[in-house]
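Structure, as structure tokens:
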Amino acid sequence: MTGAFGLVRLILRRDRIVLPLWIVFLAVIPISFVSSYGDLFPTPESRQSYANNAGFITLYGELGGTSLGEFVTWRLGFVPLIVGLIGLLTVIRHTRVEEETGRSELLGSSVVGRHAGLAAALLTSFGANLVLGVLIALGMQSQDQPLAGSVALGLEFASTGGLFAAVGAVAAQLTANSGTARGIAIGVLGASFVLRAGGDTSAHTDGPLAWLSWLSPVGWAQRIHPYGANQWWLGGLMLAATVVLVVAAVQLAVRRDVGSGLLPARLGPAEGRLGSPLGLAWRLHRGLLAAWTIAFALLGLLFGGVAEGVGDMMRDDPQIQKIFERLGGAGALIDSFLVGVMTITGLIASAYAVQATLRLRAEESSGRAEPVLATATSRLHWAASHLVFTLLGPAIALLASGVAAGLAYGSAVGDVDGQLPRLIGSALIQLPAVWLLGALTLALFGLIPRASQAAWAGPSICLLIGLLGAGVQLAPWIKDISPYTHLPQLPGGTVSAVPLVVLLAITTALTALGLTSLRHRDLPTS
């Protein structure tokens, strides 16, 4: 542990912009929802009617009660997942990525203990989540919400972030590749959501699988029920699970060499069969492409399967029925739901685009790019071989999501032929925004390679703008920062070529900037 607090200061210096930004933005979201949803759903009956349908239960879980605080907590069902995602990515970045680039070995040659890097990453993540929890509690109390419930809501967020930070610490010990470590940890996070969604949906329909929710840390966090039961013991359960995972990460770290993982790396063929830079890029990206495509297909099945239930909220509440009749009825409501979930899918696809583009930086910083460039392969040819997957990878994943959603929703309403092309179009219309964020990543890599990881701020900011926009009226210039704001609202909306052309023009300019900068800078650059 020697030197751990010095490494904490180093992490805080490196993350001095990103860390405060995500804490403040995530702390503001619950506060903004109080006033917004208090005006939209002023009575307990309207809140219960809105939440009592299979689609929203799958997405957000069961509504624990009808007070405003309980309703806001329920509507924030996705935000703890984002907190958990940030927690695991932060720990992997400051542990496995540091080993992969050789910086941990350099620091280890000084007066730094074996576990100092892991301890520093966990302490930073735990501290950030604690600050987030405190800010949420203070903010909700400032909105005249009960103190106990506000503290419980802060506990829900902080404990989820801390637990998945520990999941990231374990994943970082298993593999020598940071991308694989992220995949393992994100897979655990996704499985937790699926277990929670499946269990809550089964419980709502008196099915036999309600117990699945108790296998999910996300389910534990939501069952704290802030402003209602305030089941504090579940926070203790999450703390205990976090401690177990941290101990497991430390024990696993002792059993491996620095720079390696516990899972053995698969050996390649004895003779090279790649043939070209594109063949090498295919070998590097194929696992990632397959994983993202399968995940997007499952996501499409989930969203498409619950879309039909969104219209059920109108049947028993005349007030809500009148509101949506003015908007176009159940069809307009379902289309709005599908627009929202496809936008979320597009935002997730942008994370794939950023990850695929950052493979260029990983190849450069690890020294693997130099042997390739020592051949007749030019820098542009090498970069283009990876950018193929930045462009086509998200397109394939979004297509899989659109096909799965169209088949699921079309089968539910008996109109596969009509719904399948609509939802495929709704999925693929996200591509200009996804490609723009991928091009921004390339520009950062070309211009300031050391700041390449800052590209993750793009999807994060777009996601936060989308979440805040769902609860409050943001200024138009703030909404315009996100490229997703300028996309046609499909299904149900009209398509205009102008915003798509502008987004593609910006993408082309950023791509040209990144490639030009790559040609003229030193390689590798630390």
Side-chain angles (χ1 to χ4, degrees), residues 59 78 82 292 296 299-300 303-304 307 310 327-328 331-357 390-406 409 419-443 455-511:
L59 293 175
F78 262 122
I82 298 171
W292 277 94
F296 269 65
L299 201 63
F303 287 144
V310 175
L327 295 176
L333 176 59
I334 295 174
D335 281 350
S336 296
F337 171 78
L338 291 171
V339 168
V341 298
M342 285 303 176
T343 301
I344 292 174
T345 305
L347 282 163
I348 299 172
S350 69
Y352 176 23
V354 170
Q355 186 178 6
T357 308
T390 302
L391 295 174
L392 296 184
I396 293 171
L398 285 170
L399 178 62
S401 177
V403 170
Y409 178 55
Q419 299 303 327
L420 184 60
R422 294 178 77 235
L423 289 177
I424 289 176
S426 179
L428 295 181
I429 203 68
Q430 311 298 321
L431 282 174
V434 173
W435 288 338
L436 190 150
L437 293 175
L440 177 61
T441 307
L442 177 64
W456 288 108
S460 301
I461 291 172
C462 292
L463 179 60
L464 291 171
I465 290 174
L467 289 172
L468 285 172
V472 297
Q473 292 295 324
L474 292 176
W477 69 269
I478 297 178
K479 290 184 178 181
D480 287 342
I481 293 174
S482 171
Y484 293 89
T485 305
H486 307 282
L487 296 175
Q489 302 295 294
L490 298 179
T494 58
V495 178
S496 174
V498 175
L500 300 179
V501 171
V502 171
L503 291 176
L504 290 174
I506 296 173
T507 300
T508 302
L510 288 172
T511 301

Rounded to the nearest 0.5 Å, what's the gap from [atom1] on [X] to [atom2] on [Y]? Could you check?
X: L490; Y: I424; atom1: CG; atom2: CD1; result: 13.0 Å
X: T511; Y: W435; atom1: OG1; atom2: CH2; result: 10.5 Å
X: T485; Y: I465; atom1: OG1; atom2: CD1; result: 6.5 Å
X: M342; Y: L299; atom1: CE; atom2: CG; result: 8.5 Å
X: W292; Y: I396; atom1: CH2; atom2: CD1; result: 14.0 Å
X: L437; Y: L442; atom1: CG; atom2: CG; result: 13.0 Å

Could you tell me whether a side-chain N or O of [X] sits under 3.5 Å from a main-chain N or O of [Y], the two making a donor and an acceptor?
X: T357; Y: A353; value: yes
X: H486; Y: D480; value: yes
X: Y484; Y: G346; value: yes
X: S401; Y: A397; value: no
X: S350; Y: L347; value: yes

(message) Looking at every non-hydrogen atom in both residues, tell me the closest pair between T507 and L436 and how far apart they are.
(response)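 Where T507 meets L436 most closely, the heavy atoms are OG1-CA, 3.2 Å.
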